[in-house]
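Everything quoted here is computed from the prediction, not taken from an experiment. Within every chain, numbering begins at 1; the chains are lettered A, B, ... in the order of the sequence lines, protein sequences first and strands thereafter.
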Protein chains: 2
Amino acid sequence: MSTTPGTLPEALAQRLADSGLRSTPQREIVYSVLLAKRDHPTADEVFARVKTDLPTISLATVYNCLETLVQCNLVRSVNFERGPTRYCPNLRPHAHFHDEQSGSTHDIDLPPELLEQVKHVLPAGYDAKSIEITFRGKAQPGAR
Amino acid sequence: MSTTPGTLPEALAQRLADSGLRSTPQREIVYSVLLAKRDHPTADEVFARVKTDLPTISLATVYNCLETLVQCNLVRSVNFERGPTRYCPNLRPHAHFHDEQSGSTHDIDLPPELLEQVKHVLPAGYDAKSIEITFRGKAQPGAR
DNA sequence: AGTGAGAATTGGAATTATTCCAAGGAATTT
DNA sequence: AAATTCCTTGGAATAATTCCAATTCTCACT
Ligand SMILES: [Mn+2]
Ligand SMILES: [Mn+2]
Ligand SMILES: [Zn+2]
Ligand SMILES: [Zn+2]
């Protein structure tokens with residue numbers, strides 16, 4: 001396992017507290033579900049996964065928790081096509097590769113200097129706070 | 001005016017014919033509305049604009065026409081956030097700058113060599129057919 | 001330990017954006 | 001001009017998300 005048991009909820013609690021929010025079982029499980037399988041699930045998919053641990057959770061709460069995690073900068077919301085929003089707990093600068101065959105989405109790490117280069121196409125007067133890059137195409141089944 | 005009168009519908013008709021489709025008043029007006037004001041309108045906004053020329057058009061037809069134009073590669077559909085799909089008739093390779101203050105979206109031309117550079121971050125096994133780049137931030141009111 | 005205030009969760013209704021569908025109209029082919 | 005196919009239309013249906021009011025939970029204070 002990549003984290004010591006008990007450590008993750010505490011880090012989450014800290015981040016939430018920083019925003020004046022409470023740690024709750026619902027928020028913890030939603031977040032852990034995102035970390036467990038980083039496949040950019042929709043709210044519905046998160047709902048289904050969370051239910052196995054917390055069968056009484058509601059879909060409204062899943063939406064609330066996801067929104068909270070996004071506000072705390074623990075999760076990014078991703079919209080690269082019409083359809084439900086997807087959620088990504090990878091906080092490193094990265095692009096998304098959308099494999100049209102399988103429908104799956106892969107994270108592609110972005111070197112900071114590339115992001116700088118991309119920013120340089122902006123004419124004077126534009127100040128970008130964030131950049132999103134999405135690739136679309138086919139990925140070999142085994143691609144890392 | 002940038003095009004000789006009568007020329008635009010013919011170019012459109014040609015493109016449609018290439019795909020085995022017919023030119024219709026609805027398709028022509030939807031397309032001309034997109035070209036007239038390149039502000040990435042939603043289907044609803046297109047609907048409102050088209051109505052001034054063709055008050056009897058239906059929203060379903062606007063959706064149909066937009067989809068048709070996208071299929072013919074005369075228009076790109078754009079989704080960079082939750083919310084309605086937007087439509088862009090700019091066919092040059094370009095990125096989108098989303099100004100958070102005003103909510104408006106600006107086209108940013110992309111030099112081909114930058115796109116090449118960006119493609120180079122893809123590990124082996126990834127073959128990108130298209131790349132979308134979206135900036136988010138603030139633009140000075142007069143920014144080109 | 002008990003109470004009250006505020007925070008969070010919940011189920012269901014409402015809203016938004018889009019798609020589906022069946023009927024009618026227009027263009028093209030025979 | 002009849003048949004065929006394409007296109008448009010209004011309304012119903014669907015999908016995703018947000019809203020809302022009622023309950024439940026948590027925490028600080030007594
Ligand atoms: Mn969405
Ligand atoms: Mn949309
Ligand atoms: Zn990601
Ligand atoms: Zn554009």
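Both A/Ala60 and A/Asp44 lie near DNA chain D, and the one whose nearest nucleotide falls closer to the 5' end is A/Asp44.
The shortest distance between the side-chain N/O atoms of B/Gln26 and the OP1/OP2 oxygens of D/dT9 is below 4.0 Å. For A/Thr61 and C/dT10, the shortest distance from a side-chain N or O to OP1 or OP2 is below 4.0 Å. Look at A/Arg27 and you'll find a side-chain N or O under 4.0 angstrom from OP1 or OP2 of C/dA8. Residue B/Tyr63 places at least one side-chain N or O under 4.0 Å from the OP1 or OP2 atom of C/dT18. Taking side-chain N and O atoms only, B/Thr24 has a distance below 4.0 Å to OP1 or OP2 of D/dT8. B/Thr85 has no side-chain polar atom (N or O) that falls below the 4.0 Å cut-off from OP1 or OP2 of C/dA17.
In this structure, B/Asn64 atom CG and C/dG25 atom C1' are separated by 15 Å, rounded to whole Å. Rounded to whole Å, the distance from CG on B/Leu66 to C1' on C/dT18 is 12 Å. One interatomic measurement links the two molecules: CG of B/Leu54 to P of D/dC7, which rounds to 16 Å at whole-angstrom precision. Put simply, CZ on B/Arg82 is 6 Å from P on D/dT17, counting in whole angstrom units. At whole-Å resolution of the value, CG in A/Asn79 and P in C/dT18 are 12 Å apart. If you measure from atom CZ of A/Arg86 to atom C1' of D/dA15, you get 14 Å, rounded to the nearest angstrom. Atom CD in B/Glu67 sits roughly 14 Å away from atom C1' in C/dC20 (whole-Å rounding). Taking atom CD1 of B/Ile57 as the reference point, atom P of D/dC7 lies 14 Å away to the nearest angstrom.
Donor-acceptor pairing under 3.5 Å is lacking for the side chains of B/His98 and B/His96. With hydrogens and angles left out, the side-chain atoms of A/Gln71 and A/Ser19 include no donor and acceptor closer than 3.5 Å.
Within the nucleic acid shown, A/Thr56 comes within 4.0 Å of sugar-phosphate atoms alone, with no base atom in reach, counting heavy atoms only.
In this structure, A/Tyr126 and B/His106 have perpendicular ring planes: the angle between them is above 60°, well past the 30° mark.
Salt bridge status for A/Lys138 with A/Asp99: absent, with no side-chain N to carboxylate O gap under 4.0 Å.
Closest approach to the B/Leu21 side chain among D/dC19, D/dC7, C/dT18 is made by D/dC7 (side chain taken as heavy atoms from C-beta onward). Here the side chain of A/Arg22 is nearest to one of D/dT17, C/dA7, C/dT18, namely C/dA7.
Counting heavy atoms from C-beta on, the side chains of B/Thr134 and B/Arg136 come closer than 4.5 Å.
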